[in-house]
Visitor: 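Input: one structure, supplied below.
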Amino acid sequence: MLCPVYSAQPTLQGKASRKAQTTLITINLTAMKKFLFSIMFVAAAVMTLGSCAKEQAANDSAEKLLHFTVRTAASKTYISEGAAGAYAVGWHQNDEIGCFTGAIASGTKATFNLKNQDADGATATFDGVAAATENGTFQAIYPAAAIFGGYADGTVGVEVKSTQAPSSTSFDTTADILVSQACDYISDGSNVVLDDIFFSRILSVVRVNVKGTDAAGQKISSLKITAPSGTVLTGRAAINMTNRTISQWTMSGNTVEGKPTEDVFINDDTFNAVYLLVNPTTIVQGSEVTISGSTNSHDFSKTITVTGKDLIFPAGQIAVLNITISSSDLSAKASLAGEYIMTGTSGGKIYAAKAYAGTDNNIKSVEITETDATNHLFTTDQDDLKITLTAVSPAEVGGEDNYYTIQDANDYYLYVSSSSDNYLKGTAPASTTLGVNYYFSVVKESDGTFTIKADKSSYTRNLVRFNSGTNPKIFSC
């Protein structure tokens with residue numbers, strides 16, 4: 001599996017002794033993004049004379065380099081949960097749109113991409129030089145990275161992520177899908193300027209509010225919605241560019257999962273939320289919906305029956321689910337303390353972390369051989385590959401469970417030490433004063449993978465990664 005930055009991600013494998021058969025455990029890594037975009041659905045914007053009221057001339061078939069400047073209307077929002085949940089309109093700097101200026105057919109890719117050059121604010125200015133016809137019709141999709149390409153019927157395929165990375169106050173902006181109005185343009189031979197371009201939100205925002213006395217103080221590491229079989233929440237959608245709606249689904253699933261990138265704690269009597277983006281759909285009365293996930297110390301699962309009225313996830317708007325977790329919904333996680341081997345994969349090969357070398361800034365690796373690919377078992381006779389997880393007292397980490405120290409085969413404690421460099425170092429026990437830089441949260445995700453992060457540290461380079469792009473390959477943060 002690929003990690004967000006490097007070409008392959010680290011894994012843990014339990015190790016019993018020399019020549020021991022060992023089970024592979026994959027570590028899952030998540031990318032971080034903070035802001036919550038629009039939960040407001042705005043009606044169609046009036047096209048201004050400077051934008052889409054121009055009379056279109058005949059398309060020139062030949063492309064040339066043109067300087068495009070596209071200024072948006074205030075059609076996108078993020079949440080600032082401060083003053084009574086007030087909403088502020090805004091785009092973010094470097095948001096990237098995929099732009100289409102010609103006919104869309106099977107396999108058509110975006111003609112070009114443009115990035116927002118403005119600072120975060122109510123509107124955006126997408127600007128850049130691109131090859132396009134001098135006259136044509138402009139339309140765009142945000143984010144550019146979600147675009148798969150065109151279909152024969154003129155629709156455009158986009159990915160609606162089944163696994164998302166919301167922050168503590170917002171949804172995952174990379175999972176959002178917005179489509180602009182179509183606008184005819186005429187260049188002056190070198191430049192195209194379009195103003196007040198309006199973007200419509202395609203998806204529905206679901207705010208899952210969670211509370212519960214029996215789970216109070218626990219930090220949510222994942223939360224999943226499972227809708228009835230046949231319900232489409234995520235997958236690959238074909239967007240009707242004329243109506244700016246989802247035409248059909250070429251791939252679909254009935255689940256969506258959020259893995260918060262910031263702390264979301266379950267409170268005793270007040271709700272905290274996990275935000276998700278889903279297909280606009282309706283779940284009828286009598287249907288069952290399951291909310292499941294994990295915290296730092298427990299797994300949870302709660303099935304609710306839709307009663308009173310249908311559960312509607314409206315396009316461009318927000319739906320709210322209130323969930324109270326009780327003791328019957330919780331199951332305690334087993335301690336992960338024990339001996340392991342930490343590995344990463346690259347090019348179909350498995351690499352294990354060696355003992356810390358003493359003066360390096362990272363942990364070097366060595367290739368190992370898997371002897372049972374089905375069960376992820378292997379045999380090794382290298383004693384310097386062992387790492388040991390030891391549970392940290394909850395009192396040391398604000399009362400939370402599932403924090404561990406990590407010691408290598410030489411008993412060196414691993415720790416994080418930088419916000420600007422990817423250091424993962426070790427110190428000998430005799431010279432070590434343990435603290436938050438040595439305490440790693442080790443969380444088993446719903447897909448069986450693990451996230452290892454020193455998230456109590458003030459250093460921002462604190463997520464363990466396998467870097468396969470170096471020689472030798474290393475483990476770093």
Side-chain angles (χ1 to χ4, degrees), residues 1 26 28 30 158-166 171-172 174-177 202-212 214-215 218-237 246 248-261 264 266 271-315 317-333 443-451:
M1 298 171 64
T26 304
N28 182 50
T30 57
V158 297
E159 179 191 10
V160 179
K161 293 181 177 180
S162 60
T163 301
Q164 302 171 12
F171 59 72
D172 181 351
T174 67
D176 198 10
I177 304 293
I202 301 300
L203 302 178
S204 179
V205 180
V206 181
R207 173 177 170 145
V208 185
N209 291 328
V210 183
K211 69 176 183 178
D214 296 326
Q218 297 182 33
K219 182 172 66 177
I220 297 174
S221 54
S222 68
L223 184 144
K224 177 189 284 188
I225 300 175
T226 302
S229 178
T231 304
V232 179
L233 296 184
T234 56
R236 186 176 299 180
I246 295 173
Q248 62 179 325
W249 291 84
T250 58
M251 299 173 61
S252 63
N254 66 330
T255 65
V256 61
E257 182 176 17
K259 298 180 179 181
T261 59
V264 178
I266 299 175
F271 288 113
N272 269 344
V274 175
Y275 295 88
L276 300 167
L277 290 154
V278 302
N279 173 44
T281 190
T282 297
I283 300 175
V284 300
Q285 294 183 59
S287 301
E288 291 186 338
V289 176
T290 298
I291 310 297
S292 60
S294 62
T295 69
N296 52 297
S297 59
H298 288 74
D299 295 318
F300 62 87
S301 181
K302 188 178 188 73
T303 298
I304 58 176
T305 300
V306 179
T307 57
K309 58 182 180 180
D310 295 344
L311 175 59
I312 301 174
F313 297 148
Q317 299 184 56
I318 190 168
V320 177
L321 297 178
N322 293 326
I323 304 298
T324 300
I325 301 297
S326 61
S327 59
S328 60
D329 306 318
L330 295 165
S331 57
K333 292 181 177 179
V443 177
K444 186 175 182 180
E445 307 293 355
S446 58
D447 60 358
T449 63
F450 285 74
T451 298

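Here the structure is a predicted model, which is why all the values come from computation and not from measurement. The residues of the chain are indexed from 1 along the displayed sequence.
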Visitor: Quick one: list whatever passes side-chain contact (heavy atoms from CB on, under 4.5 Å) with K161, sequence neighbours left out.
Guide: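 Expected list: E159, Q164, D172, T174, A175.
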Visitor: I'd like to check I246 versus I202 (side-chain heavy atoms, cut-off strictly below 4.5 Å). Are they in contact?
Guide: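 The answer is yes, as the side chains (C-beta and beyond) meet within the 4.5 Å cut-off.
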Visitor: My understanding is that only residues two or more places apart in sequence, or in another chain, count here; which of them pass side-chain contact (heavy atoms from CB on, under 4.5 Å) with S287?
Guide: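 Only P228, I283, V284 meet the side-chain contact (heavy atoms from CB on, under 4.5 Å) criterion with S287.
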Visitor: Side chains of I225 and N254: closer than 4.5 Å at any heavy-atom pair?
Guide: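 No, too far: nothing below the 4.5 Å cut-off.
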Visitor: Within the structure provided, determine whether D176 and L277 are in side-chain contact (heavy-atom separation under 4.5 Å).
Guide: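 With C-beta onward as the side chain, the pair touches.
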Visitor: With D329, which residues qualify under side-chain contact (heavy atoms from CB on, under 4.5 Å), at least two apart?
Guide: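 Applying side-chain contact (heavy atoms from CB on, under 4.5 Å) to D329 gives K302, I325, S326.
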Visitor: Given side chains that start at C-beta, do those of I323 and N209 come closer than 4.5 Å, heavy atoms only?
Guide: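 They are not in side-chain contact.
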Visitor: Nearest 0.5 Å please: distance from the CD atom of E288 over to the OG atom of S229.
Guide: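 One gets 13.0 Å once the value is rounded to the nearest 0.5 Å.
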Visitor: Any heavy-atom pair between the side chains of F171 and V206 that's under 4.5 Å?
Guide: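 In short, these two side chains do not touch, never coming nearer than 4.5 Å.
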Visitor: Listed by chain and number, what are the side-chain contact (heavy atoms from CB on, under 4.5 Å) partners of S331, not counting sequence neighbours?
Guide: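 Scan of S331 (side-chain contact (heavy atoms from CB on, under 4.5 Å), adjacent residues dropped) gives D299.
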Visitor: NE2/H298 to CD1/I266 distance, rounded to the nearest 0.5 angstrom?
Guide: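 Here the interatomic distance stands at 10.0 Å.
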Visitor: Side chains of residues 303-314: which donor-acceptor pairs under 3.5 Å do they make with residues two or more places apart or in other chains?
Guide:
{"unit_1": "T303", "atom_1": "OG1", "unit_2": "T290", "atom_2": "OG1", "d": "3.0"}
{"unit_1": "D310", "atom_1": "OD1", "unit_2": "Q285", "atom_2": "N", "d": "2.9"}

Visitor: Quick check: do N322 and F271 have side-chain heavy atoms less than 4.5 Å from each other?
Guide: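 In short, these two side chains touch, coming nearer than 4.5 Å.
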Visitor: Quick one: does S297's side chain get under 4.5 Å of K333's, heavy atoms only?
Guide: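 No, side chains not in contact.
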Visitor: Would you please name every residue forming a side-chain hydrogen bond (donor to acceptor under 3.5 Å, both in side chains) with T295, sequence neighbours left out?
Guide: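 side-chain hydrogen bond (donor to acceptor under 3.5 Å, both in side chains) list for T295, sorted by chain: Q218.
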Visitor: As an exercise, state the distance from CD of E257 to CG of L276, rounded to the nearest 0.5 Å.
Guide: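 These two atoms lie 9.0 Å from each other.
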Visitor: Looking at N279, V278, T234, which hits side-chain contact (heavy atoms from CB on, under 4.5 Å) with V160?
Guide: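 Of the listed options, the one satisfying the test is T234.
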Visitor: Considering all heavy atoms of both residues, which atom of F300 and which atom of I291 are nearest to each other, and what is their separation?
Guide: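 Scanning both residues, the minimum pair turns out to be CD1-O, 4.2 Å.
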Visitor: Apply side-chain hydrogen bond (donor to acceptor under 3.5 Å, both in side chains) to D214 and list each qualifying residue two or more places apart in sequence or on a separate chain.
Guide: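 Once residues adjacent in sequence are excluded, D214 has no partner under the side-chain hydrogen bond (donor to acceptor under 3.5 Å, both in side chains) criterion.
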Visitor: Would you say V208 and L223 make side-chain contact, with heavy atoms under 4.5 Å?
Guide: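 Of all side-chain heavy-atom pairs linking L223 with V208, at least one is under 4.5 Å.
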Visitor: Taking atom types as modelled, is there a side-chain donor on S294 or S222 under 3.5 Å from an acceptor on the other?
Guide: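 Yes, side-chain donor-acceptor contact under 3.5 Å.
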